[in-house]
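Structure, as structure tokens:
Quick caveat, the model's predicted, so the values are computed rather than measured.
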Amino acid sequence: MANQYHLDDDTIATIQSSNDIVDVVGDYVQLKKQGRNYFGLCPFHSENTPSFSVNQEKQIFHCFGCGKGGNVYTFLMELEGFSFPQSVQHLAEKSGHKLEIPQFDSDNEGRSTTEEQLILEAYQWLAKLYHHLLYHTKDGKKGLEYLHQRGFSDDAIEKFQIGFSPQSRDFIVKFLEKKGYHRQLMVKAGFLTTNDQINYFDRFRGRIIFPIRNAIGKTVGFGGRSIDNQEPKYLNSPESELFQKSKLLYNFDNARSEIRKRNEVILLEGYADVLALYQAGVMNAVASLGTSFTDSHANILRRYVETVVICFDGDTAGQNATYKTLKLLKKVGCNVKIAMLPNGYDPDQYIQEFGAEAFRHTILDTSASEMTFLISHLKKNYNLNQEGDRLRYVENIISEIALLDSSIKRDHYLRELSEQFSLSYEALQQDLAVKMQNSKKNDDNSKKFGNTNEGIRNIYQKKQKVLPAYHKAERQLIAFMLQNAHIAERVQETLGSKFNIEQHQIIVTHLYGFYEAGNQPNPSHFLTFIEDQAIQKLVVEISIIDCNWEISDRELDDYIYTILAEQNDKSQIRQLEREQKMVEKTDPVKAAQIAMEIIKLRQESKRGS
């Protein structure tokens with residue numbers, strides 16, 4: 001992999017050793033140590049029960065659910081969509097190493113990578129420029145006054161790098177051209193727009209600019225807010241490979257450490273609300289980007305925290321959005337609380353009117369449980385003075401109670417329902433039992449078709465066939481070779497690359513070269529010498545086999561004998577097949593006897609006898 005991009009092997013190894021995979025993965029996944037490994041929810045597929053494992057000793061990750069695995073570089077390549085040089089560059093910056101990665105444009109993939117890198121660089125330049133213009137231009141002064149009137153301090157403006165785009169039609173165009181960026185590429189990136197006369201304009205001119213950063217703190221989009229009745233009121237960067245609203249959360253990069261520390265995140269609706277909470281001393285708040293909360297958002301948050309506090313606007317639209325968001329978060333296994341605002345207030349307005357302390361103590365500290373919110377919210381859809389509506393409402397609430405995972409909670413809310421509507425507790429219990437049974441059937445169906453973590457794991461496990469003895473011997477032997485160069489040397493002398501499985505032949509051939517180049521045993525570093533993703537995945541699977549660093553001569557000989565015996569059996573079977581073909585027309589009885597010998601040999605080979 002390193003040679004493919006003309007990167008120095010020693011540099012690759014140095015940067016890799018400077019970035020502990022537990023720390024890097026921990027920026028994306030909440031990891032908990034269990035035994036020798038760390039476990040968390042897989043970032044590559046949806047699951048409610050952790051099946052994603054990180055081994056600090058071997059510096060590799062592996063998901064037992066979806067099968068993905070690799071080292072710190074491949075993790076970033078899979079999750080962030082980085083090329084190998086980009087993942088090296090990112091980790092070099094993260095660990096304080098200076099590294100210049102050459103640009104490659106010899107093929108379509110190289111051109112695409114270079115183009116994306118140019119756009120990313122342009123975002124960083126523009127974010128700095130917009131922030132500068134806010135404080136140092138006449139147009140920017142108007143934007144700054146607006147922000148101050150909204151109650152935002154210079155500290156918050158600086159923290160979030162808020163900027164302003166001037167009304168000038170060509171200022172940004174000229175700036176980008178001087179930096180060497182082509183107009184058409186900037187139109188594609190969403191910085192500029194063009195008209196029929198092929199004139200180019202700043203997409204965000206005359207707007208307050210909110211830089212939107214990805215999880216690693218790089219600006220990948222802008223949110224523009226008009227201040228003089230310009231329509232639309234809010235304008236975001238267009239969707240692209242870099243900017244996908246369904247996968248980004250505003251302020252996530254700043255809030256992540258506090259989110260992990262508290263194991264709780266405050267979910268808001270807008271940029272201004274995030275700034276208001278920051279000024280109120282609440283550092284674990286994020287917001288969706290002017291779009292509905294999605295499954296992807298829910299999965300991102302669940303990887304980091306168990307508890308999400310939803311704090312949306314207190315009006316009808318905000319409460320309806322709360323209901324939909326609650327359902328998505330529960331689906332991925334989050335514990336959800338609702339910080340309920342008075343009707344007509346958003347978090348920013350409430351803090352301005354009542355103060356930061358009142359918001360923290362009156363709103364956040366008294367957050368309602370999901371059922372308390374649902375009981376109140378669903379009630380609005382029914383006229384409880386009418387018998388039919390009352391019964392439908394009760395049925396609806398029982399359906400929600402059935403989804404609770406605590407028998408104590410179910411009993412509590414069922415008794416409340418019984419008392420409120422003067423209904424028989426026993427009758428409600430019976431109805432609840434039926435709904436829970438139906439819910440269980442649906443869960444079982446989901447598992448059957450792989451829609452949950454258990455279902456995915458079941459499907460994955462079914463694919464794992466019982467391996468023949470020689471196959472298991474080869475895997476076990478390679479596992480020892482990956483962590484002990486002396487064993488690899490002995491195997492090379494006695495067995496060489498004469499493994500029965502073609503992929504194993506490829507692995508050991510690379511491994512011999514890896515050690516001959518003077519490298520020490522390191523499965524994670526070894527992966528950088530392999531370009532084929534399927535082989536990389538197999539190396540990871542073998543690396544996680546739990547085995548001792550040393551192996552006795554007897555054990556080593558047994559493994560080698562089992563591997564060679566399979567080759568001898570195959571050779572003997574091929575010889576018998578030739579004999580069978582020669583006599584099958586002249587001596588059918590003899591041919592049948594040979595066929596039985598072939599079957600016996602194959603059966604013995606499978607049993608490892």
Side-chain angles (χ1 to χ4, degrees), residues 1-2 5-31 33 38 40 43-44 52 54-61 68-104 113-114 116-125 127-128 159-161 211-221 241-243 247-249 251-261 283-284 286 300 303-304 522-528 536 540:
M1 185 185 296
Y5 294 99
H6 312 290
L7 296 171
D8 180 71
D9 290 339
D10 291 337
T11 303
I12 299 297
T14 300
I15 293 171
Q16 188 173 2
S17 64
S18 300
N19 289 272
D20 191 325
I21 194 169
V22 172
D23 295 333
V24 175
V25 173
D27 283 341
Y28 298 86
V29 180
Q30 183 187 42
L31 295 173
K33 192 168 186 180
Y38 291 81
F44 303 113
F52 181 82
V54 180
N55 186 295
Q56 192 169 35
E57 181 184 355
K58 297 176 182 177
Q59 289 291 300
I60 57 175
F61 73 91
K68 286 190 181 293
N71 59 18
V72 69
Y73 292 128
T74 53
F75 178 81
L76 289 172
M77 291 167 70
E78 287 278 358
L79 196 61
E80 292 288 356
F82 288 166
S83 64
F84 181 70
Q86 286 173 332
S87 67
V88 175
Q89 181 77 64
H90 172 70
L91 291 175
E93 293 173 2
K94 186 178 176 72
S95 55
H97 291 82
K98 289 186 178 180
L99 182 67
E100 292 296 328
I101 299 291
Q103 297 292 333
F104 303 96
T113 299
T114 303
E116 188 175 293
Q117 188 64 31
L118 285 171
I119 293 172
L120 189 62
E121 290 172 358
Y123 266 120
Q124 314 318 306
W125 278 115
K128 293 176 183 177
K159 176 70 175 178
F160 290 88
Q161 286 291 288
I212 299 164
R213 296 180 291 271
N214 61 15
I216 58 176
K218 297 289 187 181
T219 300
V220 294
E241 284 297 315
L242 286 172
F243 185 71
K247 297 179 180 179
L248 291 167
L249 290 162
N251 193 46
F252 189 74
D253 60 313
N254 284 329
R256 180 166 54 192
S257 61
E258 192 70 13
I259 289 170
R260 291 171 64 187
K261 178 181 174 182
M283 306 298 177
N284 58 329
V286 300
I300 290 170
R303 292 204 306 267
Y304 285 87
N522 187 326
S524 179
H525 183 40
F526 175 58
L527 286 173
T528 64
Q536 285 182 354
V540 173

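At distances below 3.5 Å, at least one donor-acceptor pair connects side-chain atoms of N19 with backbone N or O atoms of L91. A donor-acceptor pair under 3.5 Å is absent between the side-chain atoms of Y28 and the main chain of L79, judged by distance alone. Of the possible donor and acceptor atoms, one in the side chain of Q16 sits under 3.5 Å from a partner among the backbone N and O of S524. Q30 places no side-chain N or O within donor-acceptor distance of the main-chain N or O of G40, the cut-off being under 3.5 Å. Side-chain atoms of Y38 never come within 3.5 Å of backbone atoms of N55 as a donor-acceptor pair (strictly under, hydrogens ignored).
For the pair I12/F84, a side-chain contact is recorded, criterion being any heavy-atom separation below 4.5 Å from C-beta on. Proximity of Q86 to L120: side-chain heavy atoms (C-beta onward) are nowhere separated by under 4.5 Å. The closest side-chain heavy-atom distance from D27 to R260 is below 4.5 Å.
We find the CZ-CZ distance between R213 and F160 to be 7.5 Å, quoted to the nearest 0.5 Å. The distance from the CD1 atom of I212 to the CG atom of L249 is 11.0 Å, given to the nearest 0.5 Å. Taking OG from S17 and CD from Q59, the interatomic distance works out to 9.0 Å, rounded to the nearest 0.5 Å. To the nearest 0.5 angstrom, K58 atom NZ is 12.0 Å from L527 atom CG. Once rounded to the nearest 0.5 Å, the distance linking CD of E116 with OG of S83 reads 8.5 Å. For the atom pair CG of N522 and CD of E57, the computed distance is 10.5 Å after rounding to the nearest 0.5 Å.
Smallest separation of non-hydrogen atoms from V286 and F252: CG1-CA, 3.9 Å. When all heavy atoms of F61 and V540 are compared, the closest pair comes out as O-CG1, 3.3 Å. For H525 against D9, the heavy-atom pair with the smallest separation is CE1-O, 3.9 Å. Of all non-hydrogen atoms in S87 and Y73, the two that sit nearest each other are OG-CD2, 3.6 Å. G26 approaches Y304 most closely through the heavy-atom pair O-CE2, 4.4 Å. Residues D253 and A215 come closest through the heavy atom pair CB-O, 4.0 Å.
The environment of CD in E241 is sparse: at most 12 heavy-atom neighbours from other residues, nucleotides or ligands sit within 6.0 Å.
Applying the salt bridge (Lys or Arg N to Asp or Glu O under 4.0 Å) test to pairs two or more places apart or on separate chains, none has a residue in residues 11-26.
Partner of T528 under the side chain to side chain contact (heavy atoms under 4.5 Å, CB included) criterion, out of N71, T74, V88, V72: N71 alone.
When the side-chain contact (heavy atoms from CB on, under 4.5 Å) test is applied to T11, the partners found at least two apart in sequence or on another chain are D8, I15, L99.
Salt-bridge check for K218 with E80: failed, with every basic side-chain N at 4.0 Å or more from each acidic carboxylate O.
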